[in-house]
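Below you'll find the structure, written out as structure tokens, and then a few comments.
These figures come from a predicted structure and were not determined experimentally. Lettering follows sequence order; numbering is per chain, from 1.
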Amino acid sequence: MNLFAEIRTLVTDSLTALVAEGALPSGLDFAAVAVEPPRDPSHGDMATNAAMVLAKPAGMQPRAIAEALAAKLSLDARVTGVEVAGPGFLNLRLAANVWQGVVKAALTEGLEFGRSMMGGGRKVNVEFVSANPTGPMHVGHVRGAVVGDALARLLDFAGWNVTREYYINDGGAQVDVLARSAYERYREANGLEPEIREGLYPGDYLIPVGEALKAKYGASLLDKGEEVWLADIREIASELMMDEIRGDLAALNVKMDVYSSEKALYGTGQIEAAIQALRDMGLIYEGTLEPPKGKTLDDWEPRVQTLFRSTAHGDDVDRPVMKSDGAWTYFAPDIAYHYNKVQRGFDELIDIFGADHGGYVKRMKAAVSALSGGKVPLDIKLVQLVKLYKNGEPFKMSKRAGTFVTLRDVVEQAGADVTRFMMLTRKNDVTLDFDFAKVLEQSKDNPVFYVQYANARINSVLRKSREAGIDCGDAALAKADLAILSHPAEIQMAQKLAEWPRLVEIAAKGNEPHRIAFYLYELASEFHALWNKGNDDPSLRFVQDGNAATSAAKIALARATGVVISAGLGILGVTPVEEMR
RNA sequence: GGCUCCGUAGCUCAGCCGGAUAGAGCGACGGUUUCCUAAACCGUAGGCCGCGUGUUCGAAUCACGCCGGGGUCACCA
């Protein structure tokens with residue numbers, strides 16, 4: 001149930017009726033008509049801009065349209081007041097039972113309350129994390145992992161058919177470096193001194209890999225050159241690193257549906273086929289790029305390369321797909337990979353990248369635009385840096401690698417739920433400060449705690465009510481006489497609940513999971529306020545001694561709030577806390 | 001220099017597919033506890049929404065140009 005959508009339908013139906021009566025000219029487009037919560041509560045419960053957006057196309061004064069529409073709307077039983085205000089807004093007041101109905105809907109629909117059909121079952125692929133399989137995930141990956149996973153959950157809730165996908169970059173030089181690094185650990189496992197040369201990965205997470213290699217090969221590779229072992233060790237080491245990464249993701253409560261391998265694209269003709277497809281469109285040519293303007297590169301020299309004419313699809317310069325030695329650039333398999341996603345039938349693609357990949361956005365969009373004939377939109381979300389602090393001081397440490405803070409470090413210190421919520425308290429394109437001390441603080445300065453505390457209070461009410469012998473099942477509460485919820489503070493709470501389905505759609509439309517976190521904070525704030533009003537006015541307390549009917553109605557309101565908090569936390573991938581003693 | 005993100009209260013940030021008197025938390029000041037968890041709540045103070053021009057009935061929001069800060073910039077992935 002989405003009350004705003006229902007009232008918007010009422011508005012557009014009324015407009016259609018006015019057209020039929022000749023009060024409005026025919027052929028008007030109602031797409032721009034919006035029904036929204038007004039910023040100022042004194043402006044009523046809902047406001048519509050219908051008269052203003054239609055004034056010009058209808059060739060009428062906004063006020064004339066507004067008055068005609070007001071007359072129509074006031075005939076509806078749900079509408080108790082309509083007034084024309086400001087430049088032509090129509091402010092609506094709705095009957096109390098409309099808001100009480102929202103409480104009932106939340107109880108009967110449960111965690112499905114707010115689920116939307118907006119996605120229409122369209123297939124969307126969300127690619128995120130895609131960290132190189134050369135070591136454990138570090139803090140830089142955490143935000144992308146959380147944003148991607150929460151976005152996937154959000155889109156699922158809003159009616160999309162979602163696939164979460166990880167692209168394993170196991171085809172380039174970095175996995176050779178991994179293999180050489182692992183070989184040194186293999187020598188170490190055999191009692192020799194490892195030579196961790198400049199450019200190799202020094203982290204001690206490769207020690208177990210060395211052990212595993214010793215278990216498999218004994219001492220047989222010690223006197224061999226890398227032409228003998230490189231390919232095999234590359235394979236084994238990157239497999240083990242992916243196990244590590246899967247474990248890291250699990251620790252963050254992130255699950256992938258599909259892992260795709262870059263290496264698997266080589267030798268199958270997929271890269272050649274993708275490039276050929278572009279060539280057939282006349283988008284591949286041999287040429288020489290200009291040096292970047294304004295930036296002097298000492299080692300720049302003109303080179304003939306195989307280039308993708310990405311400028312034909314919005315990029316600023318054309319991009320090389322093949323090196324001068326004839327090997328593919330990183331971009332080529334990435335084109336093939338995205339082509340593969342298009343061919344698998346996804347209607348929409350989303351990539352979550354770190355902000356350092358900002359320069360990659362236009363060329364990737366150009367490739368997808370070309371290869372899908374402009375039919376598959378690619379949205380790329382860049383997540384900005386996370387800066388770590390502890391008590392306001394910049395924080396650097398790692399138990400495991402010496403050089404970087406790992407995902408495990410963060411999860412062990414802060415917990416998966418807190419980490420996830422905090423990563424969503426900023427929109428993706430703003431840098432985020434993460435203070436290990438602050439995120440564990442139990443105060444309203446900490447939004448995770450604040451929301452969880454509201455949920456704990458709700459559960460406390462339910463516990464006590466059950467002890468008092470009241471049936472607190474959702475079905476029973478839904479049958480309560482909700483007309484009892486007539487106090488303005490209670491109506492206001494119900495109004496906040498009514499915004500939930502609308503918010504889900506707004507967040508999904510913009511691929512903006514952070515909006516869920518902000519809404520939950522506001523919802524918790526409304527609840528805490530209502531809770532405290534019970535101090536001054538005992539009639540606002542949820543449990544009313546000796547009056548089962550009144551208690552049931554008020555508990556229903558609390559429970560409905562709890563349902564929405566749980567549903568919202570579910571989208572964020574955060575487990576609701578029942579009790580916080 | 002190109003591209004890109006950011007610039008809103010003392011601080012950290014929401015709001016931005018145009019809408020009414022621009023919001024929240026922290027910090028400051030002042031209140032609330034016989035009560036279902038005060039781990040909370042209520043109130044006061046605090047703003048050329050970086051600057052300018054344009055579009056519009058209407059701009060924090062859209063366009064263009066500046067200023068300031070971050071990221072990034074050919075055969076690395």
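You'll find that the side chain of D356(A) is closest to G71(B), out of A20(B), G71(B), A74(B). Closest contact between the side chain of D316(A) and the listed nucleotides A14(B), C3(B), U4(B) involves C3(B). Closest approach to the Y450(A) side chain among C41(B), A20(B), C13(B) is made by C41(B) (side chain taken as heavy atoms from C-beta onward).
Remark: K464(A) is in phosphate contact with U37(B), judged by side-chain N or O atoms under 4.0 Å from OP1 or OP2. Applying the 4.0 Å criterion to OP1 and OP2 of G15(B), one finds that H514(A) has a side-chain N or O inside that range. Dashed line: the shortest gap from a side-chain N or O of K533(A) to OP1 or OP2 of U32(B) is not under 4.0 Å. One finds no side-chain N or O of K362(A) lying less than 4.0 angstrom from the OP1 or OP2 phosphate oxygen of G2(B). Residue R63(A) places no side-chain N or O under 4.0 Å from the OP1 or OP2 atom of C57(B). At G70(B), none of the side-chain N or O atoms of T431(A) fall inside 4.0 Å of OP1 or OP2 (strictly under the cut-off). At least one side-chain nitrogen or oxygen of K56(A) sits closer than 4.0 Å to the OP1 or OP2 atom of C57(B). At the phosphate of A20(B), OP1 or OP2 sits under 4.0 Å from a side-chain N or O atom of R39(A).
Rounded to whole Å, the P atom of C67(B) lies 24 Å from the corresponding atom of U55(B). Rounded to whole Å, the separation between the P atoms of A59(B) and G19(B) comes to 11 Å. Nucleotides U4(B) and A40(B) have their P atoms positioned 43 Å apart, rounded to a whole Å.
Using a 5.5 Å limit on the distance between ring centres and a 30° limit on the angle between planes, the aromatic ring of Y521(A) does not count as stacked on the six-membered base ring of A24(B).
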